[in-house]
Protein chains: 2
Amino acid sequence: MPKLGMEPIRKAALVKATIVEIGRVGSLDVTVSQIAKRAGMSSALAHHYFGSKEEMFLAAMRHILTLYGAEVRGALALADGPESRLRSVLAASFSATNFRREAVGAWLNFWVLAQTAPEARRLLKVYQRRLRSNLLAGLRPLAGDRAEALADGLGALIDGLYLREVLKSGPPDRAAAIATALNYLNSQLEGAAHAGAAEGQSFR
Amino acid sequence: MPKLGMEPIRKAALVKATIVEIGRVGSLDVTVSQIAKRAGMSSALAHHYFGSKEEMFLAAMRHILTLYGAEVRGALALADGPESRLRSVLAASFSATNFRREAVGAWLNFWVLAQTAPEARRLLKVYQRRLRSNLLAGLRPLAGDRAEALADGLGALIDGLYLREVLKSGPPDRAAAIATALNYLNSQLEGAAHAGAAEGQSFR
DNA sequence: AAGTTTATTGACTCGTCAATCAACAAAAAC
DNA sequence: GTTTTTGTTGATTGACGAGTCAATAAACTT
């Protein structure tokens, strides 16, 4: 039966299966055998293609980030004007895709993994930088030099809202999350309009 | 050597050791033997007092939440007036304690655990409800009927800021996190003032 | 003093799992 | 048409780990 050119197909199947299994179990405590079985092959073959379980996890994480990136790009392509761009980023961040069990499991566990696996941390940083840059593109025309601060706050708010929606029992309310984020934006932008230029908000 | 009344002492030592080990390893992938060794006893004794590893995790989570609760209460005791109360909650949420390696490991992994362990989810809900109620106490005098929405947003923002500070490389910037949260508050309250709702003054 | 409760551990059971290997099959290259 | 490359797995290795248990010992009870 051995057809050639199996490698990409097998790898893709394993990545998908890895994400599904992590979502099913809710932790990184999944066995290579489970993953391989779901992907329709022996565990030996999984090792053959990925070398180690950790490599599988990292490939899965890359895949999740790629999906998210594609979703953002897709939404941005239809946007015109800064406000529309911001809305697109929010829509993508709170898309139904990101609330599927697999995606949730992946994100939560990748945060844990990022604590100790340098490559995972690197990937997470890539995601955050991209999100930040997308937000900035929409914010700069609206907020000028306050854009940086707003982007940081909004980025954190997005993560926090996601976390809460995901951990609460019952179905997540994506619209409410988006509304809260938009509300943050509106009030910050109104504030800038009233105050005129930037004013140093000194903490402490 | 068997002195009596060891149970609470042993349990406390185990809880502490559990948290330390989770922080050290960065995941829930710690063995009972590791924990017991750090707590200065045999793994059999750990099982004797806690029955299972899961019980140890839950006890550790309860302990973390208790510590956090105590910190908030302590800060609130010194506060006078709504603004001061809000500030206290923020200070406690971003206290140095919460950024120690053990606490970080605990929080991240408890989020993961909350996906599947009902008791963990319950505990997390208790934390969120308490945070929300503390925020509301400070917000209601300032924001009136908008307090609920603000508390939800601020709660998510706190979690999100914590997540970001914790996952970025380098030392966390607690002051920046507090500043961002205060900035959120200010702009939301100013918005309310303009809209003619409750009387809200900006505080910085 | 005999019996009960509490504290404590080393040794053991039973299972699991990541990773390796030998071996087999088919296509491609020579 | 033999050799090499690619695909594939069952069986095995080697390690580790959660939870149990029997045994030992000190303290409290009666």
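Reminder, nothing fancy here: chain letters follow the sequence lines and each chain counts from 1.
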Q: Using atom CG of B:Leu14 as one end and atom C1' of C:dA7 as the other, report the distance to the nearest whole Å.
A: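 B:Leu14 atom CG is separated from C:dA7 atom C1' by 13 Å.
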Q: How close or far is atom C1' of D:dG17 from atom CG of B:Leu28, stated in whole angstroms?
A: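 About 16 Å, once rounded to whole Å.
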Q: Are A:Arg174 and A:Glu165 close enough for a salt bridge, meaning some N to O gap below 4.0 Å?
A: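 A salt bridge is absent here (no side-chain N lies under 4.0 Å from a carboxylate O).
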Q: At under 4.0 Å between heavy atoms, what does A:Tyr49 touch on the DNA or RNA strands: base, sugar-phosphate, or nothing?
A: sugar-phosphate
Q: Return the value, rounded to whole Å, for the distance between atom CE of A:Met56 and atom P of C:dC17.
A: 14 Å
Q: Nearest whole Å is fine: how far is C:dA25 P from A:Leu4 CG?
A: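 Interatomic distance, CG of A:Leu4 to P of C:dA25: 17 Å.
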Q: Please tell me if B:Arg10 has a side-chain N or O lying less than 4.0 Å from either OP1 or OP2 of C:dT8.
A: yes
Q: Within this structure, what is the CZ-to-P distance between B:Phe50 and D:dA18, rounded to whole angstrom?
A: 15 Å
Q: With nearest nucleotide decided by heavy atoms, which residue, A:Ala44 or A:Gln34, maps closer to the 5′ end of DNA chain C?
A: A:Gln34
Q: Could you check how far CZ of B:Phe57 sits from P of D:dG17, rounded to whole Å?
A: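 Computing the B:Phe57:CZ to D:dG17:P distance gives 13 Å.
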Q: For residues B:Ser169 and A:Lys125, is any side-chain donor paired with an opposing acceptor at under 3.5 Å?
A: yes
Q: Determine whether B:Asp29 and A:Asp29 make a side-chain contact, defined as any pair of heavy atoms from C-beta on separated by less than 4.5 Å.
A: no
Q: Tell me the interatomic distance from A:His47, atom NE2, to D:dT8, atom P, rounded to whole angstroms.
A: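 Whole-Å distance recorded here is 17 Å.
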Q: C:dT9, D:dG7, C:dA19: which one has an atom nearest the side-chain heavy atoms of A:Lys53?
A: C:dA19
Q: When the ring planes of B:Tyr68 and B:Trp107 are compared, do they come out parallel, tilted or perpendicular, using 30° and 60° as the limits?
A: perpendicular
Q: Where the side chain of B:Met6 is concerned, which of C:dA7, C:dA28, D:dT9 is the nearest nucleotide?
A: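 The closest nucleotide is C:dA7.
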Q: For A:Phe99 and A:Tyr162, I'd like to know if the aromatic rings sit close, meaning centre-to-centre distance below 6.0 Å.
A: yes
Q: So what does B:Ser42 hit on the nucleic acid, given a heavy-atom distance under 4.0 Å: a base, only sugar-phosphate, or nothing?
A: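 Contact class for B:Ser42: base.
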Q: Contact class for A:Ser43 vs. all strands (heavy atom < 4.0 Å): base, sugar-phosphate, or nothing?
A: nothing
Q: What's the CD-P distance between B:Glu54 and D:dG19, to the nearest Å?
A: 9 Å
